[in-house]
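Structure record follows, encoded as C-alpha cells.
Computed from a prediction, not measured in an experiment: that's the story for all the values here. Values reported hereafter were calculated over all heavy atoms of this structure, with side chains retained and with hydrogens, waters and symmetry mates removed. By convention in this document, chain letters (A, B, ...) are assigned in the order of the sequence lines, proteins followed by strands, and residues within each chain are numbered from 1.
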Number of protein chains: 2
Amino acid sequence: MDDNTGKTHAMRALIELRKRILSGDLPGGTRLFEVPLAEQLEISRTPIREAMSRLAEEGLLDRARNGGFIVRAFGFDDVVDAIELRGVLEGTAARLAAERGAKPDAMARIRSIVETLDDCFGDKPGEVDFERYSEFNAAFHRELAGLSGSDIIRREVERVTRLPFASPSAFLPDNAEIETFRRSLNTAQEQHRAMVTAIAAREGARAEALAREHARIARRNLEYVMVEDRSLIDSLPGLALVMS
Amino acid sequence: MDDNTGKTHAMRALIELRKRILSGDLPGGTRLFEVPLAEQLEISRTPIREAMSRLAEEGLLDRARNGGFIVRAFGFDDVVDAIELRGVLEGTAARLAAERGAKPDAMARIRSIVETLDDCFGDKPGEVDFERYSEFNAAFHRELAGLSGSDIIRREVERVTRLPFASPSAFLPDNAEIETFRRSLNTAQEQHRAMVTAIAAREGARAEALAREHARIARRNLEYVMVEDRSLIDSLPGLALVMS
DNA sequence: TCTTGCGCCCATGTATACATTGCCTCGATC
DNA sequence: GATCGAGGCAATGTATACATGGGCGCAAGA
C-alpha cells in the first residue's frame with residue numbers, strides 16, 4: 001500500500017472509504033457521490049476524488065460511464081476466480097524462479113521464512129502459534145512473488161493479492177478455533193517447503209503445480225465456510241464485502 | 001479503453017500524455033510536473049491530475065513517494081515478462097473455458113472469428129490480408145479473454161494486454177514486409193483453431209498449453225527483431241517506449 | 001572544512017466558485 | 001396515448017487561489 005498512511009486528507013479519505021467498502025458498509029454497486037462524501041468526511045471534493053481514483057487503481061471501485069465511481073461488486077464466484085488467479089500467478093512466479101534461477105540471498109530469505117513457519121507448530125498436534133504463522137505466511141508469499149526477479153510478475157501477483165479475499169492470509173482468521181482450517185496448515189507448510197525445494201532444483205513445472213494446489217487450500221476453506229458453516233462468514237474479514 | 005475519447009479536457013490530456021509515453025517522447029523515469037504540463041496543454045492542473053491518475057491505472061505511470069507521477073520504465077526483460085504473463089493469463093482463460101464450459105453463443109462467435117481469419121490467407125503462400133488478419137486476431141483474443149465467463153479473468157487478461165508491447169497484435173505491424181513475421185501467421189492461426197477445438201473438447205491442459213505457446217510467437221518475433229534486425233524496432237509502435 | 005540550521009522556493013494538497021453536461025420531468029402537440 | 005422538446009436540477013468537470021511541506025542552498029558557527 002502507501003506509506004503516506006493518513007497524512008493528507010486524501011489519504012484519510014482513502015483509508016476511510018476502503019474500510020467502508022471492505023466492511024460491506026458500502027455494498028457492491030453503490031454509486032459514490034462526491035458532494036455527500038465530502039460533507040460526511042468534512043473535507044472538500046478534491047481529496048475525495050483523489051481517494052476514489054486510488055481505489056479504482058486498487059480494483060475496489062469501477063469508473064462509471066459518465067464519470068463517477070461505483071463500488072465493485074464481488075460474488076462468491078469472483079472469490080473463487082480470484083483465488084484461482086492468485087494460484088496461477090504465484091505458480092508463474094515460482095516456475096520462473098525455478099527456470100531462471102533465484103538470487104542466492106532471496107533463496108536464503110525464503111528458506112529462513114520456511115524455518116520460522118516450522119517453529120510455529122508446537123509439539124502436540126494441533127498446537128499452532130497462529131498469529132506468528134499468519135505473519136510469516138504473508139512474508140513467504142511476498143518473497144515468492146519477487147523470487148523470479150521479474151518486476152512485472154511481482155507487481156501483478158501483489159495486485160491480485162490485494163483483493164482481501166484473495167490474500168494468502170484470507171483464511172487465517174484471528175480465531176484459530178476452526179479445526180478444519182488448523183489442519184490445513186500442516187498441508188500448507190508442506191507445500192511451502194516443497195515449493196522452495198522445487199525452485200532450488202530448477203523444477204519449474206513442479207513449483208508451478210505446487211503453488212496452484214497451495215491456493216486451492218484457500219478455495220477448500222472457502223467452500224467449507226459456504227457449505228458447512230456459513231456462520232463463519234462474519235469472522236472472515238475478507239468476505240464482508242462479498243455479496244451472495 | 002474509454003469511449004469518452006476526447007470529450008473533456010481530462011480525456012484529451014489522457015490521450016496526449018499516453019501518446020507521448022507510448023511514442024517514447026516521455027522516456028521511462030521522467031517525472032511529470034503538473035504546472036508545466038498544464039501550461040503546455042493550455043488547461044488547468046485539475047484535468048492533468050485526472051489524466052495522470054488514469055495512466056497510473058493503465059500501468060504507464062507510477063506514483064512517486066511524495067506525490068507526483070513518474071513514467072514507468074520498461075526494459076526488454078519487461079517486454080519478455082509481459083508477453084509471458086499474457087500467455088499465462090490467456091492460458092488460464094482458455095483452460096477455465098474448457099473446464100467449466102463456454103457458452104454456446106460465445107463459442108459460435110469465436111469459431112466465426114477463426115473462419116474469418118482463415119479467409120485472410122490467399123491462395124498463394126505468403127499472401128495474407130494483413131490488416132484484416134490483425135483486426136480479427138484482436139477480436140479472437142478479446143473473445144478468448146471472456147470465454148470462461150469469469151469477469152475477474154477477463155479483466156486481468158485485458159489489463160496485461162493493454163501494455164502495447166504485450167498486446168496480441170504488437171508484432172503485426174502495418175508493413176507486412178517482414179517475411180519471418182508473415183510466416184508466423186500460419187502457425188498462429190493453427191494454434192487459434194487448436195485452442196477452440198481443445199476448449200470445445202474440454203481439454204483444459206491442452207488449451208492452456210496452446211495459449212502459452214501462442215504467446216511465444218510474439219516472444220520469438222521480439223527476439224528476431226533484437227538479434228537479427230534491430231532496425232525494425234522503429235517500425236513496431238509498441239516498442240517505442242522500451243528502453244535499452 | 002564540516003556541520004547544522006534557517007529560510008526560500010517549488011511542487012503538490014486543498015478549498016471553492018463556476019462551467020458544463022446529461023438526465024429527468026413536465027408539458028404540449030400530434 | 002405516445003413522443004418530442006425545453007427547462008431545470010444534480011452531478012461531475014474545470015479553473016484558480018491559497019496552504020502546506022519537503023528539499024536545497026547558503027551562511028554562520030564550531
Side-chain angles (χ1 to χ4, degrees), chain A residues 1-21 25-73, chain B residues 1-21 25-73:
Chain A
M1 306 277 166
D2 262 294
D3 3 323
N4 308 336
T5 312
K7 276 212 274 271
T8 64
H9 286 173
M11 283 302 158
R12 281 193 291 276
L14 172 66
I15 289 165
E16 175 63 23
L17 286 178
R18 189 195 285 130
K19 199 195 80 188
R20 290 190 191 182
I21 294 168
D25 284 350
L26 292 171
T30 306
R31 171 106 184 239
L32 298 185
F33 297 107
E34 296 174 1
V35 177
L37 280 176
E39 284 168 1
Q40 277 177 46
L41 304 183
E42 298 181 287
I43 56 181
S44 78
R45 284 169 52 209
T46 313
I48 295 283
R49 286 164 75 105
E50 169 72 11
M52 291 199 295
S53 165
R54 284 173 183 257
L55 286 168
E57 284 179 54
E58 279 184 37
L60 292 179
L61 295 183
D62 281 333
R63 288 181 190 272
R65 308 146 288 295
N66 286 320
F69 295 85
I70 295 175
V71 180
R72 189 164 162 199
Chain B
M1 307 280 164
D2 263 294
D3 3 321
N4 308 336
T5 312
K7 276 211 276 272
T8 63
H9 286 174
M11 282 304 159
R12 281 193 291 277
L14 172 66
I15 289 164
E16 174 64 21
L17 287 178
R18 190 195 285 129
K19 199 195 80 187
R20 291 190 191 182
I21 294 168
D25 284 351
L26 292 171
T30 306
R31 172 109 184 238
L32 297 185
F33 296 107
E34 295 174 2
V35 177
L37 279 176
E39 284 168 2
Q40 278 177 46
L41 304 183
E42 297 181 287
I43 56 182
S44 78
R45 285 169 51 209
T46 313
I48 295 283
R49 286 163 75 106
E50 168 72 11
M52 292 198 295
S53 164
R54 285 173 182 256
L55 286 168
E57 281 180 56
E58 280 184 36
L60 293 180
L61 295 183
D62 280 333
R63 287 181 190 272
R65 310 146 287 294
N66 286 321
F69 294 86
I70 296 175
V71 179
R72 188 164 163 197

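The shortest distance between the side-chain N/O atoms of B:His9 and the OP1/OP2 oxygens of D:dA15 is below 4.0 Å. Side-chain N/O atoms of B:Asn66 include one lying less than 4.0 angstrom from OP1 or OP2 on D:dG23. Between B:Arg45 and D:dA17 there is no side-chain N or O to OP1 or OP2 distance below 4.0 Å. The phosphate of D:dA15 has OP1 or OP2 within less than 4.0 Å of a side-chain N or O from B:Ser44.
Side-chain contact check for B:Leu60 versus B:Val71: every heavy-atom pair is 4.5 Å or farther apart. Using a 4.5 Å heavy-atom threshold, the side chains of A:Glu58 and A:Arg18 count as touching.
Of all heavy-atom pairs spanning B:Met11 and B:Lys7, the tightest one is CB-N, 4.1 Å.
A side-chain contact (heavy atoms from CB on, under 4.5 Å) with B:Phe69 is found for exactly one of B:Leu17, B:Leu61, B:Ile48, namely B:Leu61.
Between A:Glu50 atom CD and D:dG13 atom P the separation is 14 Å, expressed in whole Å. One atom, CD of A:Glu39, and another, C1' of D:dA10, lie 13 Å apart when rounded to the nearest Å. What separates CG of A:Leu14 from C1' of C:dT14 is a distance of 16 Å, to the nearest Å. Here the P atom of nucleotide D:dT12 and the CE atom of A:Met52 are 7 Å apart, to the nearest Å. When rounded to the nearest whole Å, the span between CZ of A:Arg54 and P of C:dT12 equals 13 Å. Taking atom CD of residue B:Glu42 and atom C1' of nucleotide D:dA15, one finds them 14 Å apart after rounding to whole Å. To the nearest angstrom, C1' of D:dG22 lies 13 Å from CZ of B:Phe33. With rounding to whole Å, A:Arg31 atom CZ is found 11 Å from C:dC23 atom C1'.
Classification of A:Arg54 and A:Glu57 as a salt-bridged pair fails, no side-chain N sitting under 4.0 Å from a carboxylate O.
Picking from C:dG22, D:dA11, C:dT14 the nucleotide with the shortest atom distance to the side chain of B:Lys7 gives C:dG22. The side chain of A:Pro47 lies closest to C:dA15 when the candidates are D:dT12, C:dA11, C:dA15. Side-chain proximity of B:Ile43 to D:dT14, C:dA11, D:dA15: nearest is D:dA15. Ranking C:dG13, C:dA11, D:dT14 by closeness to the B:Arg49 side chain, first place goes to C:dG13.
A:Arg65 contributes no side-chain N or O that forms a donor-acceptor pair with the base of C:dG22 under 3.5 Å.
Looking at heavy-atom distances under 4.0 Å, B:Ile48 makes no contact with the nucleic acid at all.
If A:Gly68 and A:Thr46 are placed on DNA chain D by their nearest nucleotide, the residue sitting closer to the 5' end is A:Gly68.
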